[in-house]
Amino acid sequence: MPKFEYAPAPESRAIVSLRESYGLFIDGEFGPGVDGRVFKTISPATEEVLAEVTEAGPADVDRAVTAARKAYEHTWSQLPGRERAKYLFRIARIVQERARELAVLESLDNGKPIRESRDVDIPLVAAHFFYHAGWADKLEYAGYGPAPRPLGVAGQVIPWNFPLLMLAWKIAPALACGNTVVLKPAETTPLTALTFAEICQQADLPPGVVNIVTGAGETGRALVEHPGIDKVAFTGSTEVGREIARACASSRKKVTLELGGKAANIVFEDAPVDQAIEGIVNGIFFNQGHVCCAGSRLLVQESVYPEVIASLQRRLATLRLGDPLDKNTDVGAINSAAQLAKIRELSEVGEAEGAQRWSPPCELPVKGFWFPPTVFTGVSQAHRIAREEVFGPVLSVLTFRTPAEALEKANNSPYGLSAGVWTEKGSLILWMATRLRAGVVWANTFNKFDPTSPFGGYKESGYGREGGRHGLEAYLDV
Ligand code: NAD
């Protein structure tokens, strides 16, 4: 099927005013780091340097934790829930007002298509603040006792795939429950978190309630190991999650970990195929597959396998890869050179292990980090591409004959974050959903998020839940 020719439709960058350099946001103000170290953040689509960002060392992390402790003791924990709610509502409204700017900035720094940052990431950020604003004065009805208490200071570390949305998942419930925070964004995507710091100033949030420290793994380590924090919330790789769990094991810190995944997206023979194809595409090619709950293992019932693969290939040939700021773009840039190298390596392993690799005809831009949508067929359970998280636009396809076999294969993974089931039979959906070892099970849809719905994993996908009433528990002393 030929691609329609669309004229370029780039979203204007003019709405974003980038500073040349950004300081750390501590105690309500931006300032330099103690030892003067900086790093650069680039656009992964063009490799253009966007800004210089401060690398926080242990002394800066210590200043941030001290500010958060002071704000916790003297201000934030003293405010009644209805007063905290006002600030959260205000933040939510400012996020909405600045939505276009935030979406453009997110696409610039992360490489994701503007269509996604504009229609998914930023609206969900606002929704998370609105939702948790609603909880702030109703915590006694959340099921955690008549007067649930906050924990204190939360140290939060987030990844680069949904930079501002992961910040919202962390900061909104923490603040609603009465905690103060020190958050470290990922080193490749710090800019929306720093703009969020400006939003905190704009909302007149008391100084020290939110502190943003930028830097890489060492900064993250200094934060999670700081003796002055009461709670660690981490989203990222299972490897780093393990390290954090070990580091916190001998402390009193409460820990939640949201880690990797290798979700099975299971298509039964009675599924509406066209709808399932859209779900498969959304499941693995949304956000270039940089999604912890991505449907990266497609399990197709043998009887419909030829039809599903043919339709999938036809649909993938229509995807547009390119400029993240173009409103017609479906697939943007890979977030970093390091991530691109990892995706390339695992794809080569897939071929070497005997799976068949296919990509639609697709021209890759010369500059920047790019990888075409890729499908591996003939994948067996033992292949590394069926077991390890690629965290890129790479789908591994396996087949099954019976529901029991589908279940067996789906659960045969060290991870357990999410799963998808496609069938017209309600009873089969329920049968599968109660047996799948996955924190989220989508039926006849995929990658749908809502602040009211708890999200989290089984097994090596981590522990604790974020979102919904269940997510409040992570920030309360219960
Ligand atoms: P990563 O673990 O390398 O980095 C995540 C964050 O941790 C970054 O901010 C990084 O600077 C920081 N960090 C690195 N080493 C650290 C250390 N020793 N101590 C403290 N902090 C440290 O992961 P990544 O490559 O940025 O993100 C991709 C991974 O995140 C994938 O595996 C993905 O599945 C996972 N992820 C999970 C979820 C979820 O909700 N479960 C959501 C998004 C991403």
Side-chain angles (χ1 to χ4, degrees), residues 39 41 44 53 55-56 58 61 110 112 121 124 128 155-170 182-190 192-193 212-226 229 232-248 253 255-263 284 286-296 334-343 346 387-392 413-418 438-440 447 449 453-467 471 474:
F39 62 100
T41 185
V53 181
E55 186 178 326
V61 169
N110 168 281
K112 64 174 69 200
D121 293 56
L124 277 173
H128 269 270
Q156 307 178 316
V157 178
I158 57 172
W160 43 262
N161 56 344
F162 293 93
L164 195 62
L165 183 56
M166 289 300 110
L167 173 149
W169 280 29
K170 297 276 178 287
V182 180
L183 177 134
K184 190 199 84 65
E187 53 273 36
T188 57
T189 53
T192 45
I212 308 281
V213 290
T214 40
E218 281 311 306
T219 309
R221 183 178 288 131
L223 177 56
V224 299
E225 292 183 1
H226 195 288
I229 59 173
V232 172
F234 172 76
T235 295
S237 60
T238 296
E239 198 187 341
V240 174
R242 269 201 203 104
E243 208 180 299
I244 291 175
R246 269 196 297 272
C248 296
K253 292 171 195 165
V255 181
T256 42
L257 302 172
E258 301 276 357
L259 310 175
K262 191 75 193 176
I284 184 64
F286 169 63
N287 203 29
Q288 295 71 246
H290 301 327
V291 183
C292 48
C293 52
S296 52
I334 300 302
N335 180 251
S336 65
Q339 188 59 27
L340 180 59
K342 190 180 148 197
I343 298 169
L346 267 173
R387 306 197 62 76
E388 294 177 29
E389 189 179 41
V390 180
F391 220 59
S413 164
Y415 295 111
L417 193 54
S418 68
V440 180
N447 270 344
F449 306 96
S453 175
F455 184 93
Y458 280 72
K459 301 190 274 186
E460 291 188 16
S461 293
Y463 43 78
R465 293 292 177 265
E466 292 187 305

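Atoms within a ligand are numbered from 1 in the order they appear, just like the ligands themselves.
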Close N or O approach (Cys292, ligand 1; < 3.5 Å):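 Among all N and O atoms of Cys292, none is under 3.5 Å from an N or O of ligand 1.
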
Taking non-hydrogen atoms only, is [X] closer than 4.0 angstrom to ligand 1 via side chain, backbone, both or neither?
| X | value |
| --- | --- |
| Leu259 | backbone |
| Phe234 | side chain |
| Glu187 | side chain |
| Ile158 | backbone |

Sequence neighbours excluded - side chain to side chain donor-acceptor pair (under 3.5 Å) pairs with any residue from residues 456-467: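 Sorted result for residues 456-467: Lys170-Glu466, Arg242-Glu460.
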
Atom 18 (N) of ligand 1 within contact range, any protein heavy atom under 4.0 Å: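 Protein heavy atoms within 4.0 Å of atom 18 (N) of ligand 1 - there is at least one.
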
Side-chain donor-acceptor pair present, Thr189, Asn110, cut-off under 3.5 Å: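 No, no side-chain donor-acceptor pair sits under 3.5 Å.
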
May I ask you to list the atoms of ligand 1 that are less than 4.0 angstrom from any heavy atom of Ser237?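 Contacts of ligand 1 toward Ser237, numbered from 1: 1 (P), 2 (O), 3 (O), 23 (O), 29 (C), 30 (O), 32 (O).
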
I need the atoms of ligand 1 closer than 4.0 Å to a non-hydrogen atom of Glu243, numbered in the order shown.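 Numbered from 1, ligand 1 contributes 18 (N).
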
Short N-O contact, Glu243 and Arg246, less than 4.0 angstrom: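 No, no charged N to carboxylate O under 4.0 Å.
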
As a check for students: among [options], identify the option with a heavy atom nearest to [atom].
| atom | options | result |
| --- | --- | --- |
| atom 21 (N) of ligand 1 | Gly439, Gly241, Gly220, Ala222 | Gly220 |
| atom 5 (C) of ligand 1 | Thr235, Val240, Leu183 | Thr235 |
| atom 13 (N) of ligand 1 | Gly260, Gly236, Gly217 | Gly217 |
| atom 34 (O) of ligand 1 | Glu389, Lys342, Gln156, Lys262 | Glu389 |

Please verify whether a non-hydrogen atom of Ala216 lies at under 4.0 Å from ligand 1.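 It does; at least one heavy atom falls under 4.0 Å.
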
Would you please determine whether Phe455 falls within less than 4.0 Å of ligand 1 on a heavy-atom basis?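 Right, Phe455 reaches ligand 1.
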
